[in-house]
Amino acid sequence: MACKRGALIVLEGVDRAGKTTQCNRLVEALQLSGRPAAMMKFPDRTTTIGKLINSYLESKSDLEDHTVHLLFSANRWELVPLMKKKLEEGTTLIIDRYAFSGVAFTSAKPGFSMNWCMNPDMGLPKPDLVLFLQLNPATAAQRGQFGTERYETSSFQQIVQRRFEELIADTSVNWQVIDASQSIDEVHENIKRLSVKAMNAAEDWPIGELWT
Ligand code: 2DT
């Protein structure tokens, strides 16, 4: 590698935990400190596949459950060449949701094993760090109502939370659980500290493969 590679850092968490706010804050702070950083988000609703997913999430169309799971995965795979290019150029990527949301949400539906759900995402670029923003349902409720998209109900989100807990138990992934009930600034400081550490550690290692 001509230059040190960037790190792949993912933020996951339940609804209203502050993922998007924290992704933006982190990218801004890294850029200010002179480290190239960019944000990405999954699903990326701008691509052709992303538009199918968007229409499904807004309940404007129905898709069979296996099919939509594979579309979410394909939406990550179609961006892998761009992700690798950026990482190899030395840009750290901060990603709002990744394959972990894919597995947690689909396996919360009846009849889906976590193993089946993980398969299509096997071999994706492996995150150097996955930050899970943990928020209990009572605090989440104080932050406002659920939105109107598919999956935005408290009963479904409770099952999703349990699936995330199973994923976090997998020590092949570098998970860090963050208490998202703290102030935005406190959460940001925690996230920044862990991210800089992961970036320094990732520099000298090739990009890994997820779940292989
Ligand atoms: P946002 O509100 O963050 O745009 O999420 N989802 C997400 C899945 O079901 N599978 C996936 O692979 C991903 C990345 C989580 C939109 C919703 O899409 C769900 C919430």
Side-chain angles (χ1 to χ4, degrees), residues 8-27 39-80 82-83 93-127 130-135 137 140 143-168 170 173 175 178 180 210-211:
L8 181 55
I9 299 175
V10 170
L11 268 76
E12 290 279 8
V14 293
D15 246 52
R16 292 166 297 177
K19 286 183 298 299
T20 309
T21 306
Q22 291 296 339
C23 282
N24 284 318
R25 284 283 301 264
L26 180 58
V27 170
M39 182 171 162
M40 291 178 75
K41 152 167 194 57
F42 289 112
D44 178 332
R45 303 187 193 214
T46 65
T47 69
T48 303
I49 294 169
K51 285 179 184 141
L52 293 174
I53 294 171
N54 182 54
S55 156
Y56 171 82
L57 287 171
E58 290 182 346
S59 298
K60 291 181 178 150
S61 64
D62 272 324
L63 287 166
E64 191 275 333
D65 288 329
H66 299 80
T67 310
V68 76
H69 181 75
L70 296 173
L71 287 177
F72 273 111
S73 177
N75 183 232
R76 285 183 277 281
W77 280 107
E78 67 178 333
L79 286 155
V80 166
L82 177 69
M83 288 168 66
L93 295 178
I94 309 301
I95 308 198
D96 188 349
R97 295 193 193 277
Y98 199 49
F100 313 100
S101 277
V103 174
F105 278 76
T106 302
S107 69
K109 296 178 177 179
F112 282 87
S113 72
M114 301 218 358
N115 195 37
W116 188 89
C117 294
M118 288 161 95
N119 257 287
D121 286 312
M122 283 181 183
L124 278 177
K126 183 178 178 171
V130 189
L131 296 153
F132 184 77
L133 271 55
Q134 180 82 271
L135 195 66
R143 293 189 178 178
Q145 300 298 309
F146 280 109
T148 53
E149 285 202 334
R150 228 181 259 265
Y151 304 144
E152 294 182 331
T153 65
S154 86
S155 55
F156 192 75
Q157 295 276 331
Q158 273 169 29
I159 311 175
V160 170
Q161 164 77 24
R162 288 205 292 277
R163 296 292 177 264
F164 270 125
E165 282 162 14
E166 288 178 57
L167 288 168
I168 293 169
D170 168 13
V173 172
W175 285 96
I178 306 280
L210 182 63
W211 294 329

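Whatever order the structure lists them in is the order used to number ligands and atoms, beginning at 1.
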### Task
Please indicate whether Q145 has more than 12 foreign heavy atoms, meaning atoms of other residues, nucleotides or ligands, lying under 6.0 Å from its CD.
no
### Sub-3.5 Å N/O-N/O distance, R97 and ligand 1
yes
### Query
Hey, are D62 and R150 close enough for a salt bridge, meaning a charged N less than 4.0 Å from a carboxylate O?
yes
### Ring-ring centroid check H69 F105, cutoff 6.0 Å
no
#### Entry: Protein heavy atom at shortest distance from atom 2 (O) of ligand 1
R45 NH2, 4.0 Å
### Task
Flag the pair T106 / D65 as yes when at least one side-chain heavy-atom distance between them is below 4.5 Å, and no otherwise.
no
### Query
Should the proximity of L57 to ligand 1, defined as any heavy atom under 4.0 Å, be assigned to the side chain, the backbone, both, or neither?
side chain
### Query
Are E166 and R163 ion-paired here, with the side-chain N under 4.0 Å from a carboxylate O?
yes
### Task
Give the residue, atom name and distance (to 0.1 Å) of the protein heavy atom nearest atom 9 (O) of ligand 1.
F105 CB, 3.3 Å
### Side chain to side chain, W211 and D170, heavy atoms closer than 4.5 Å
yes
### Query
Can you find an N/O atom of Y98 closer than 3.5 Å to an N/O atom of ligand 1?
no
### Nearest-neighbour protein heavy atom for atom 7 (C) of ligand 1, which is reported as residue plus atom name and distance
F72 CE2, 3.6 Å
### Task
Could you tell me which atoms of ligand 1, counted from 1 in the order shown, lie closer than 4.0 angstrom to a heavy atom of K41?
1 (P), 3 (O), 4 (O)
### Message
Could you check whether any side-chain heavy atom of P127 comes within less than 4.5 Å of a side-chain heavy atom of V173, counting everything from C-beta outward?
### Response
no
### Query
Going by heavy atoms, is R76 under 4.0 Å from ligand 1?
yes
### Task
Within a distance under 4.0 Å of any heavy atom of G102, pick out the atoms of ligand 1 and give their elements.
10 (N), 11 (C), 12 (O)
### Query
Does ligand 1 have any atom that is closer than 4.0 Å to a heavy atom of K19?
no
### Task
Give the atoms of ligand 1, by number and element, whose distance to some non-hydrogen atom of F42 is under 4.0 Å.
14 (C)
### Summary
All heavy atoms of Q161 vs all of Q134, minimum pair found to be NE2-OE1, 2.9 Å
